[in-house]
**Q** 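Below is the structure I would like to discuss, written out as structure tokens.
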Amino acid sequence: MRTTLLRHSLSEGFNNLVRHPLVTLASITTIALMLFLLGAFTLFSINARQMMARAGEQPPVEITLEIGVTDEEIAAIVADLAGDPNILEYTLFTPEQNFETFKANLGKDELFADFSADYIPHTFAIRLHDPAGSEDFKSHMEGLPGVRKVDLELKVMQFLSKAIVWVNYATLTAFAVLGVVAFFIISNMVRVAVFARGDEINIMKYVGATNWYIRIPYILEGAVTGLLGGGLAWLSAYVIYSRLYETVAANTVPTDVLAMIAPAELASMVLLLNVGLGIGIGALGSAVSVRRYIQV
């Protein structure tokens, strides 16, 4: 019995797609457009979050030590930095290195012929994993012996932290809005198909067909429509993103702030997202539509 039901459901589901080709084509195209927009926004969101995370790592935090700081105090600071999980990278610059950098930037070495590096402090250039923890890091480091001051771009880091949160909110909002739109599109498609077969469904009910026996073909029809729309959306998004990647990111390296994520790294995730949402929304929209408009 179950084999017969499955065979009938599959047959009727695919027949429904063929019986109304224009409605099916319009539904697949519209769903593909909705899921393409969702996929495109997802790609943008992932790249934006990565770029902002890299940008948050780029502005170095600079620690200036006291002039005449002891080797023991420097060693203690290095040990503290090495044990901090939020430290991405740190570099110690000696007074001699800072002096040479200063002269190179100014471009007039003769002005410093009688100047000694003894009056220039040690400094640390630091990059953080998470810019949101920069203020806590500053407060902690300023309390260590030998540290004179800690300079950081608080406004930049605070903006990046807030921007990442807003991008996440925008992604969730886009998911919800586009998902609801796709749901109603599939529901209307199934409603048209149900009304077109009203007499046939009434006959099936009179001869004892169960509710699920009537519903399942429409649920499969919606799922197949969502699958085709999701596949088409993924293919379109992948091709366009790959072309954009080749054009924009051809001369960048993965560690650059503006470097895009390679298409191969995102292909499977976007495919699962589009196809999974397409099938899920298609099946759910069909089930709700059959129940509401046929009352089987």
**Q** Where do E66 and R148 come nearest, in terms of heavy atoms and distance?
**A** OE2-CA, 3.6 Å
**Q** Would a 4.5 Å heavy-atom cut-off, applied to side chains only, mark V78 and Y90 as touching?
**A** yes
**Q** To the nearest 0.5 angstrom, please state how far the CG atom of N98 sits from the CD atom of E100.
**A** 10.5 Å
**Q** Same cluster for F124 and I67 if Ile/Leu/Val/Met/Phe/Trp/Tyr side chains link at under 4.5 Å?
**A** no
**Q** Quick check for you: to the nearest 0.5 Å, what is the distance between I240 atom CD1 and L43 atom CG?
**A** 10.5 Å
**Q** Do we see a donor-acceptor contact under 3.5 Å between the side chains of D80 and H140?
**A** yes
**Q** Could you give the side-chain donor-acceptor pairs of residues 260-281 under 3.5 Å, partners two or more places apart or in another chain?
**A**
none

**Q** Looking at every heavy atom in both G146 and E73, which two are closest together, and how far apart are they?
**A** CA-OE1, 3.9 Å
**Q** Once you round to the nearest 0.5 Å, how far does CG of L235 lie from CZ of F36?
**A** 10.5 Å
**Q** Side chains of L65 and T123, heavy atoms from C-beta outward: is any pair under 4.5 Å?
**A** no
**Q** Calculate, to the nearest 0.5 Å, the distance between atoms OG1 and CG belonging to T29 and L232 respectively.
**A** 7.0 Å
**Q** Going hydrophobic residue to hydrophobic residue with side-chain gaps under 4.5 angstrom, can you get from V147 over to F93?
**A** no
**Q** Can you find a pair of side-chain heavy atoms, one from L81 and one from M141, that are under 4.5 Å apart?
**A** yes
**Q** Enter the distance from D151:CG to I63:CD1 here, rounded to the nearest 0.5 Å.
**A** 10.0 Å
**Q** I87, V61: one ILVMFWY side-chain cluster at the under-4.5 Å cut-off?
**A** yes
**Q** Is there a side-chain contact between W234 and L35 (heavy atoms, below 4.5 Å)?
**A** no
**Q** Are the side chain of Q97 and the backbone of T94 linked by a donor-acceptor contact shorter than 3.5 Å?
**A** yes
**Q** Can you tell me how far CG of L38 sits from CD1 of I31, rounded to the nearest 0.5 angstrom?
**A** 13.0 Å
**Q** Are side-chain N/O atoms of N47 and Y241 paired as donor and acceptor at under 3.5 Å?
**A** yes
**Q** Measuring only between side-chain heavy atoms, which start at C-beta, is H122 closer than 4.5 Å to P95?
**A** yes
